[in-house]
Number of protein chains: 2
Amino acid sequence: MVTINHIAKLAGVSTATVSNVINNKLGKISDGTRDRVLQIIKEEGYIPNRVASSMVTKQTKTIGLIIPDISNPFFPDLARGVEDFASENDYTVILCNSDNKLDKEETYIEMLQEKMVDGIIIAASRSRTTVSGELLNSRVPIVSIDRKIAELDDDAQVIVDNEEGVFQAVTYLLKKGYRNICHLSGPIELKTAKDRYSGFLRAYKEAGIEPMASHLHAGSYTTDWGYEISSQILSNRTDIDCFTCGNDLIALGVYRTLHERGLKVAEDIAVVGYDDIYVSNVVSPGLTTIRQPSYQMGYRAAETLINKIRTGQFIKYTLPLRAELIIRESTK
Amino acid sequence: MVTINHIAKLAGVSTATVSNVINNKLGKISDGTRDRVLQIIKEEGYIPNRVASSMVTKQTKTIGLIIPDISNPFFPDLARGVEDFASENDYTVILCNSDNKLDKEETYIEMLQEKMVDGIIIAASRSRTTVSGELLNSRVPIVSIDRKIAELDDDAQVIVDNEEGVFQAVTYLLKKGYRNICHLSGPIELKTAKDRYSGFLRAYKEAGIEPMASHLHAGSYTTDWGYEISSQILSNRTDIDCFTCGNDLIALGVYRTLHERGLKVAEDIAVVGYDDIYVSNVVSPGLTTIRQPSYQMGYRAAETLINKIRTGQFIKYTLPLRAELIIRESTK
DNA sequence: TTGAAAGCGCTAACAT
DNA sequence: ATGTTAGCGCTTTCAA
């Protein structure tokens, strides 16, 4: 293996000099030596060992990203945003899937700390509303994304206002004349799910209308659940004119139910999602949904984290990331 | 910062002993000391520095995963497969998005080598049919996934037979009576795209039927292109009874075109995709497609790589990963 | 502008 | 079963 020592000897200089060349320490090296060293580095195919340099600089230029599941369509965009900002800034990202399990999450957090990552971005599992003391007190900066964690600095959290998004949507629906809206929520113990439902309620309240009876069903953020629950509901009642869903996956389950029962989306029953994952624009009819700016969330989370690593300070953003109602054809 | 030294002093033992405890060297430590050391480690909240141990063991327990783009729905499952096998085996994965750009890919490869990853899994950019000499000769084992790279050992490539998959599908379509099938291919310079088209041709040939004129259109693996090209084709001719698409994204573009023109999928024109990404089962009508076992591909790639890292040998699999025709409602 | 040398935190070989 | 010590490849004072 070719090391800095090897290069130094061949170039007839010290390792310190080679190090300065590699790291572009300006003004510390004469053009002559720089060129000569560079030349030899090239000839020898020398690749600096960043593990060794991490030993002394105490930074790995690596961050950890813990998400529930990269195959959940909400997360790829987010991950991409993180990786983009990271790589633009010469950081590398380690991907971890926690499956929403606290123990997996803990294991990853420990692993990441052992690997001396410079920081961690976490879309915390639904069971986590708090971070363990060790992590909180550790040297590793942490940024929470999508889900709020109580102990963390507000500026260390990248979230969008879920309540506001659904409020917007339901207000729109009420204005359009929908009255019997059924809300298919994600796990209601989750902050995001709770907030989305609050938005639902507030829209009714501000419109001075009473929600219909049993308008809330809480389950999980999956197509399967959306399918099952909507199927079940429609077997029992016929008064519903719209489903607002905790996320797009659930909405797609409703699509399946309607399709199966020969009902037309929009024409017979309207459907509204949340997230605006890729699919929503591609199904027919296009799904009216509330767009979560997931790429930006990831990008901003990385920006926040790396800024913190560099400066010790969190960025204070003036513009919050906002959810946005995207009207397509699943409502009329 | 609490180090192994610190623990050793507190426990009144040597660092070697603490090291043996941490790494569970069996038979090298008495129960008494083990317990005492473990106790102190806990009390002090000691986290072993794996960067330091990597220095001496010459392995980082980290692999790199280079894919074109995690937001492309084909890759999350694959990435998940990689990460699952890796984490089960105590490896960590660094995620890199190359955007199909050779230069980004090169940069990542260099970065990964500098970070001393133990191996690399790469879904190579379309421009790459070969690996640079440095990489090939480097100490870093490399496994190619989805796309074949000439110089690599056959056992270091995790691919499925694309030709076979499409052959199956088109044979099925011809049997069903479809005759004027139009193939909307991905970038034809890509091996995968080429193979899929070959399967198309062979199906016709073995059926003793002549493909219709101008049945091939090559573009890119995107919904937008699928939309545009199908729209354009249908403006010019009315004889087409089926589109076979290079991937599901293209197929979804065709869905959009048909929808826009008031044409019914299946009833008026059949559509067949490739990959079986998540969406395909969720759109209405469900998309008939050729399933790429992407999770397994990722899982197997990681298995192959890590086995190579550990034993120096590639695994020889007896069962190839196969594409499988999934018949849904977009064909009749 | 360059070099000598200490030391980052750990493991492994060897000695006891 | 445990300790001593060299050394992994690099950066960073400090001195020249």
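Sequence lines set the chain letters: A, B, ... in the order given, protein chains first and strands last, and positions in each chain run from 1.
Residue pairs meeting the side chain to side chain donor-acceptor pair (under 3.5 Å) criterion with at least one member in residues 47-58 of chain B, sequence neighbours excluded: Glu114(A)-Arg50(B). Each salt bridge (charged side-chain N to carboxylate O under 4.0 Å, His left out) pair with one or both residues in residues 27-39 of chain B, not counting sequence neighbours, would appear here, but there are none.
Between the P atom of dA1(D) and the CG atom of Asn23(B) lies a distance of 17 Å, rounded to the nearest Å. Atoms CG (Asn24(B)) and P (dA1(D)) sit 14 Å apart, rounded to a whole Å. Taking atom CD on Glu114(B) and atom P on dT11(D), their separation rounds to 11 Å, with Å as the unit. One interatomic measurement links the two molecules: NZ of Lys25(B) to C1' of dC10(C), which rounds to 12 Å at whole-angstrom precision. Rounded to whole Å, the distance from NZ on Lys61(B) to P on dC10(C) is 18 Å.
Take Met297(B) and apply the side-chain contact (heavy atoms from CB on, under 4.5 Å) test, not counting sequence neighbours, and it matches Phe74(B), Ile145(B), Asp146(B), Val158(B), Val160(B), Gln292(B), Pro293(B), Leu321(B). Remark: Tyr278(B) pairs with no residue by the ring-ring contact (aromatic ring centres under 6.0 Å, His included) rule, at least two apart or across chains. Taking Gln39(A) as the reference, Glu43(A) meet the side-chain contact (heavy atoms from CB on, under 4.5 Å) condition, with sequence neighbours excluded.
Dashed line: the shortest gap from a side-chain N or O of Ser19(A) to OP1 or OP2 of dC10(D) is not under 4.0 Å.
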remark   = For nucleotides 1-9 of chain C, 5' to 3', base contacts (B), sugar-phosphate-only contacts (S) and non-contacts (-) with protein non-hydrogen atoms under 4.0 Å give SBBBB-BBB
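Side-chain contact check for Tyr295(B) and Asp84(B): at least one donor-acceptor pair (N or O, by modelled atom type) lies under 3.5 Å.
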